[in-house]
Structure formats: structure tokens, C-alpha cells
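For ligands, and for the atoms within them, numbers begin at 1 and follow the listed sequence. We number each residue from 1, following the sequence as shown. Below, each value reflects all heavy atoms present in this structure, side chains not excepted, and no hydrogens, waters or symmetry copies.
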Amino acid sequence: MIIAVDGPAGSGKSTISKLLAKELGLVYLDTGAMYRLFTLKMLKENVSFSDNDKINELLEKLNINIENDKFYLDDEDVSKEIRKTDVAENVSKTAAIDEVREKMVSLQREFSKSKNVILDGRDIGTVVFPEADIKIFLVADPRERAERRFKELKAKGENISLDSIYENILKRDKLDSTRENSPLKKANDAIEVDTTGKNIEEVKNIILNLYNNKG
Ligand code: DC
């Protein structure tokens with residue numbers, strides 16, 4: 001069983017995917033975190049986005065691990081760091097690099113082998129698993145998405161303004177949906193769910209209904 005959950009930043013993908021994973025006994029994979037981990041590596045090593053040789057070298061030696069809610073880079077827990085502004089501001093650039101996508105897609109397929117999985121991202125239903133059993137495309141008004149992110153980051157003690165989050169979300173939406181390789185877009189057979197004004201429970205129930213009707 002593969003469930004693909006795609007959509008723009010802040011549309012509720014990870015919250016919903018985690019809940020569904022628990023409810024349905026699936027393994028959850030946050031594919032955005034993988035791009036964030038590699039972005040953090042690039043920033044730590046001071047690698048330029050145009051230095052293909054160095055990028056390939058880093059990809060070859062990449063050491064990332066995901067265990068439940070913890071994200072590791074070179075065996076160090078960087079779960080907090082990958083959510084910070086410098087990573088958020090650079091991750092769409094990293095995610096537009098062909099070699100990076102190739103590596104991440106192959107890791108995602110490898111991870112999902114012989115498992116029942118729910119993956120969230122931008123290209124899960126279109127590229128990673130075009131044969132997924134259920135494809136959901138979550139959308140929401142950008143202001144509301146920014147407010148959700150703002151609350152999340154504030155709760156974690158991050159000091160960042162709502163406006164700068166809003167700007168970052170608009171910028172990432174644009175970069176992620178206009179890049180050449182695997183842009184963010186709804187798969188033809190995905191079901192679009194607009195989460196604007198809906199609480200988590202409502203969205204979860206919509207998707208559970210789809211799941212039950214499918215089964
Ligand atoms: O889901 P997120 O906001 O943590 O994702 C971070 C970035 O990674 C996002 O701006 C685009 C990129 N991404 C991607 O290109 N493909 C995916 N499957 C997941 C994320």
C-alpha cells in the first residue's frame with residue numbers, strides 16, 4: 001500500500017500524514033525533510049549551488065537517517081536545524097538540482113520497498129510512485145498556510161515574523177512549481193482536498209473515507 005500526499009508548503013501534508021500513518025498502521029516518510037537534510041549539508045560545507053562536482057561528491061557520501069520524528073545528518077540529530085530559516089530559504093534551490101532529485105527519489109523508493117507507506121512531498125504521485133494506491137493533493141490559501149507555519153515555529157521557540165514566512169511560502173511555491181524537473185503539480189488521478197478553514201480532524205476524515213472506499 002502506497003499513499004502519496006503532495007501539495008505546497010504548509011498545506012497540512014505532514015500533520016495529516018503522521019495521523020493517518022498512526023491510524024492505518026503505515027510507515028510515514030517526510031520526503032521534504034530529505035531535501036532539507038541535504039540543503040543543511042550544503043550550507044555546512046559551504047558548497048555553491050553551481051558546483052556540480054562538489055554536489056555529486058556530497059551525494060555519493062551522503063549519510064542521512066530518519067527514525068520516527070528524528071532526522072540525522074552524519075549521525076547528528078539535526079531535527080531542529082532543518083526547520084530553520086537558512087534551510088527554508090535554500091531548500092527549493094537544492095530541490096531543483098537533477099542529481100539531488102535522482103538520489104532522493106531512489107532513496108525514497110528503496111525505503112518504501114515491501115512496506116505499507118505514506119509519503120508526503122511534491123512529486124510523490126507524479127514521479128516517485130505514479131502507481132500509488134491513493135493520491136491526495138492538499139491545497140490551502142497561502143495566508144492560512146503561513147499562519148500555520150508561524151504557529152508551529154513559534155511553539156518551537158523560533159523568532160520569525162509572519163510576513164517573512166508568508167514571503168518564503170510564496171517564493172517556494174513559485175520555485176517548486178515552475179522548476180523543470182518534477183515540478184509541484186497535481187497528478188491527473190490525485191484527489192484534491194482544500195484544507196482552508198478545515199481542522200485536522202475534518203481533513204483526516206475526508207482522506208479516511210477515500211481510503212475506506214478504496215479498500
Ligand atoms: O515539505 P517541505 O516544506 O519540508 O519541503 C521542503 C522543500 O523540499 C520544498 O520547498 C520542495 C522540496 N521538495 C521536493 O522538491 N520534493 C519533495 N518530494 C519534497 C520536498
**Message:** Within the structure provided, determine whether Asp120 and Asp6 are in side-chain contact (heavy-atom separation under 4.5 Å).
**Reply:**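 Not in contact.
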**Message:** Below 4.0 Å, non-hydrogen atoms only: which portion of Lys93 touches ligand 1? Side chain, backbone, both or neither.
**Reply:** neither
For [atom], what is the nearest protein heavy atom, given as residue, atom name and distance?
atom: atom 12 (C) of ligand 1; value: Ala95 CB, 3.7 Å
atom: atom 3 (O) of ligand 1; value: Arg172 NH1, 2.9 Å
atom: atom 11 (C) of ligand 1; value: Asp176 OD2, 3.3 Å
atom: atom 20 (C) of ligand 1; value: Gly32 CA, 3.5 Å
atom: atom 18 (N) of ligand 1; value: Asp123 OD1, 2.8 Å

**Item:** Verdict with supporting geometry, Arg101 and Tyr35, side-chain hydrogen bond (donor to acceptor under 3.5 Å, both in side chains)
**Value:** CA-CA 8 Å; Arg101 300 208 69 82; Tyr35 290 93; 3.2 Å; yes
Out of all atoms in ligand 1, which are within 4.0 Å of some heavy atom of [X]? Include the element for each.
X: Ser92; answer: 10 (O)
X: Gly121; answer: 17 (C), 18 (N), 19 (C)
X: Thr31; answer: 17 (C), 18 (N), 19 (C)

**Message:** Using a plain distance cutoff, I'd like to know if Asp120 has any nitrogen or oxygen under 3.5 Å from a nitrogen or oxygen of ligand 1.
**Reply:** no
**Message:** For ligand 1 and Arg36, I'd like to know whether there is a polar contact (N/O to N/O, distance under 3.5 Å).
**Reply:**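 N/O-N/O distance below 3.5 Å exists for this pair.
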Lys/Arg N to Asp/Glu carboxylate O, [X] vs [Y], below 4.0 Å:
X: Lys41; Y: Glu45; value: yes
X: Arg148; Y: Glu144; value: yes
X: Lys70; Y: Glu67; value: no

**Item:** Lys135 to Ala187 - nearest heavy-atom pair and separation
**Value:** CD-CB, 3.9 Å
**Asked** Among Arg101, Met104, Arg122, which one has a heavy atom closest to atom 15 (O) of ligand 1?
**Response** Arg101
**Message:** Heavy-atom contact check, 4.0 Å cutoff: does Met34 meet ligand 1?
**Reply:** no
**Request:** Might you work through the salt bridge (charged side-chain N to carboxylate O under 4.0 Å, His left out) test for Lys84 and Glu81, ending with a clear yes or no?
**Result:** CA-CA 5 Å; Lys84 292 203 167 156; Glu81 272 178 277; over 6 Å; no
**Message:** Ring of Phe111, cation from Lys115 - is the NZ or CZ under 6.0 Å from the centre and inside 45° of the axis?
**Reply:**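 Yes, a cation-pi geometry.
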**Asked** Looking at Phe71, does the NZ or CZ of Arg36 lie under 6.0 angstrom from its six-membered ring centre and within 45 degrees of the ring axis?
**Response** no
